[in-house]
Amino acid sequence: QFRHRKNAVEHGQERDQQEVHGRPAPSRWKIDTMALYCIGDIQGCDDALERLLDKLAFSPSRDTLFVLGDLVNRGPDSLAVLRRLIGYGSSARCLLGNHDLHLLAVHAGARKCKKKETIGDILDAPDRAELIDWVRSRQMAMFERGVLMVHAGVLPGWTCERTLTLAGELEAVLRGSDHRDFLHHMYGDEPAAWDERLTGFDRLRVVVNALTRLRFCSAEGVMEFEFKEGADSGPEGYLPWFDVPGRRTADVAVAFGHWSTLGWLDRDKVFALDGGCVWGGHLVALRLDAAGAHEVIRVKCPQTLVPGKGK
């Protein structure tokens with residue numbers, strides 16, 4: 001079922017744009033052994049994923065993908081994306097995003113599938129139980145080669161180590177026997193800020209909202225969820241989470257997706273990789289170089305959704 005073509009870099013992908021920190025790069029470049037790639041929101045766009053992997057000359061026996069969440073939903077081939085990533089085994093390490101959690105919530109009866117959503121093929125698959133188990137066993141945060149990886153953001157008071165620990169708490173619940181109970185209590189905007197004294201569903205809700213929904217927050221770490229445009233569009237008193245003064249993850253590089261209107265930031269330690277694939281943008285990969293020279297590679301995507309009509 002996986003149509004990955006080994007020679008696509010040499011055959012027909014030249015028309016796709018490749019960038020290195022926002023600048024044009026040569027169409028041919030040396031591929032290191034054991035390359036690591038972070039990939040932004042796929043959202044069920046399997047054709048774009050295939051073209052991106054062809055462009056990377058991705059080899060599951062040699063390379064590793066780190067997919068930053070929102071594997072499914074809104075694009076046309078959510079089931080195909082899951083089957084492809086599952087087929088890569090340990091060579092595809094995936095985070096959960098808000099759309100992936102929504103899939104779990106619909107399966108658990110905590111939410112209904114909306115008209116424009118494209119997770120029905122997963123829910124109707126004969127092996128849906130195995131697919132859902134694979135999804136809920138994915139991670140919520142990862143750290144590799146000096147890069148902290150999350151789907152959306154990190155609260156300013158969390159260190160890298162604290163982020164990974166709290167992500168682990170959430171992962172344990174999602175993988176446990178009580179995960180359906182949590183999914184029924186997952187949604188909501190409150191509490192809006194982290195407090196170490198939080199327990200139970202309130203504690204988990206803050207963690208899941210930060211890791212999968214965060215764009216703007218106050219200097220005190222109070223989250224805001226209504227504003228979804230660019231970094232300059234937030235309400236008074238709120239900043240993009242990565243611009244909060246004193247952010248405790250400022251000493252490490254952070255790669256994230258979720259924010260398609262953000263664009264490429266061209267910063268040394270903040271990598272925004274949601275290229276808005278389903279909106280007719282790009283599917284974006286960040287190649288992690290052990291020496292610290294990261295490269296951005298992207299492929300153009302056909303428009304699947306029209307802004308304002310994708311709900």
Side-chain angles (χ1 to χ4, degrees), residues 38 40-41 66 68-70 95-98 100-101 138-175 182 185-262 265 267-274 286:
C38 290
D41 302 37
F66 292 86
L68 303 182
D70 279 2
L95 295 176
L96 295 182
N98 51 299
D100 310 310
L101 291 172
R138 297 309 94 193
Q139 293 177 257
M140 298 302 304
M142 297 184 284
F143 185 79
E144 192 73 31
R145 288 197 183 177
V147 179
L148 175 62
M149 306 173 200
V150 295
H151 175 62
V154 179
L155 286 173
W158 293 354
T159 63
C160 178
E161 293 78 11
R162 192 66 179 136
T163 301
L164 295 170
T165 297
L166 292 172
E169 291 184 21
L170 184 55
E171 292 162 10
V173 172
L174 287 170
R175 296 168 186 175
F182 164 69
H185 291 86
M186 178 176 66
Y187 290 92
D189 295 345
E190 298 292 336
W194 175 249
D195 187 322
E196 287 289 348
R197 296 168 294 182
L198 288 170
T199 60
F201 295 131
D202 282 351
R203 181 182 181 89
L204 294 171
R205 194 179 304 113
V206 174
V207 176
V208 76
N209 282 345
L211 295 178
T212 68
R213 297 179 62 202
L214 180 60
R215 293 184 179 93
F216 294 98
C217 66
S218 71
E220 296 74 29
V222 178
M223 295 180 281
E224 196 286 328
F225 300 112
E226 294 300 319
F227 286 75
K228 300 180 180 180
E229 298 304 317
D232 297 329
S233 70
E236 185 176 355
Y238 291 85
L239 297 168
W241 64 266
F242 47 81
D243 280 338
V244 172
R247 174 172 59 91
R248 298 187 70 189
T249 50
D251 59 336
V252 298
V254 184
F256 62 99
H258 185 61
W259 200 341
S260 63
T261 55
L262 192 58
L265 295 175
R267 301 188 189 186
D268 289 337
K269 291 188 175 182
V270 181
F271 302 114
L273 300 182
D274 183 359
L286 173 72

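The structure presented is a predicted model; accordingly, all values stated were derived computationally and were not measured.
Applying the side-chain hydrogen bond (donor to acceptor under 3.5 Å, both in side chains) rule to Arg138 yields no partners; only residues at least two apart in sequence or on another chain are considered. Considering only residues two or more places apart in sequence or on other chains, Phe201 meets the ring pair (Phe, Tyr, Trp, His ring centres under 6.0 Å) condition with His185. In terms of the side-chain hydrogen bond (donor to acceptor under 3.5 Å, both in side chains) criterion, Asp41 has no residue partners (sequence neighbours excluded). By the side-chain hydrogen bond (donor to acceptor under 3.5 Å, both in side chains) test, Thr163 pairs with no residue at all, sequence neighbours left out. In this view, Glu161 and Thr159 satisfy the side chain to side chain contact (heavy atoms under 4.5 Å, CB included) rule, not counting sequence neighbours. Trp259 is linked by a side-chain hydrogen bond (donor to acceptor under 3.5 Å, both in side chains) to Thr261, counting only residues two or more places apart in sequence or in another chain.
Using a 4.5 Å heavy-atom threshold, the side chains of Met142 and Leu95 count as touching.
Between Cys160 and Thr249 the shortest heavy-atom distance is N-CG2, 3.6 Å. The two residues Gly230 and Phe216 have their closest heavy-atom pair at O-CZ, 3.4 Å. Here the closest non-hydrogen pair linking Ala141 and Ala167 is CB-CB, 3.7 Å. Taking every heavy atom of both residues into account, Leu273 and Cys38 meet most closely at CD1-CB, 3.7 Å. When all heavy atoms of Gly221 and Pro156 are compared, the pair lying nearest together is CA-CG, 3.8 Å. Nearest heavy-atom pair, Val206 versus Ala193, reported as atom, atom and distance to 0.1 Å: CG2-O, 3.9 Å.
Rounding to the nearest 0.5 angstrom, the gap separating the CG atom in Asp100 from the NE2 atom in His151 is 7.5 Å. The CZ atom of Phe242 lies 8.5 Å from the CZ atom of Arg247; values are rounded to the nearest 0.5 Å. How far OG of Ser260 is from CG of Asp70: 10.0 Å, rounded to the nearest 0.5 Å. A distance of 12.0 Å separates NZ in Lys269 from CG in Leu148, rounded to the nearest 0.5 Å. Between atom CG of residue Leu166 and atom CG of residue Leu198 there is a gap of 10.5 Å, rounded to the nearest 0.5 Å. The line from CG of Leu155 to CG of Leu214 is 6.0 Å long, rounded to the nearest 0.5 Å.
Residues in residues 186-209 take part in these salt bridge (charged side-chain N to carboxylate O under 4.0 Å, His left out) pairs, two or more places apart or across chains: Arg162-Glu196, Glu169-Arg203, Asp189-Arg213, Asp195-Arg197, Asp202-Arg205. Among residues at least two apart or in separate chains, there is no salt bridge (charged side-chain N to carboxylate O under 4.0 Å, His left out) pair with a member in residues 215-231. Applying the ring pair (Phe, Tyr, Trp, His ring centres under 6.0 Å) rule to pairs touching residues 152-173 yields Trp158-Trp194, sequence neighbours excluded.
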- Task: For the pair Asn98 and His258, evaluate side-chain contact (heavy atoms from CB on, under 4.5 Å) and give the outcome as yes or no after the intermediate values.
- Result: CA-CA 8 Å; Asn98 51 299; His258 185 61; 3.3 Å; yes
For a quick test of your reading: what N or O donor-acceptor pairs under 3.5 Å do the side chains of residues 250-257 make, sequence neighbours left out?
none

When the side chains of residues 234-241 are checked against the rest of the protein, which donor-acceptor pairs come out under 3.5 Å, sequence neighbours left out?
| from | atom 1 | to | atom 2 | distance (Å) |
| --- | --- | --- | --- | --- |
| Trp241 | NE1 | Ala152 | O | 3.2 |

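For the pairing with Leu101, the side-chain contact (heavy atoms from CB on, under 4.5 Å) check across Leu211, Leu170, Thr212 returns one residue only, Thr212.
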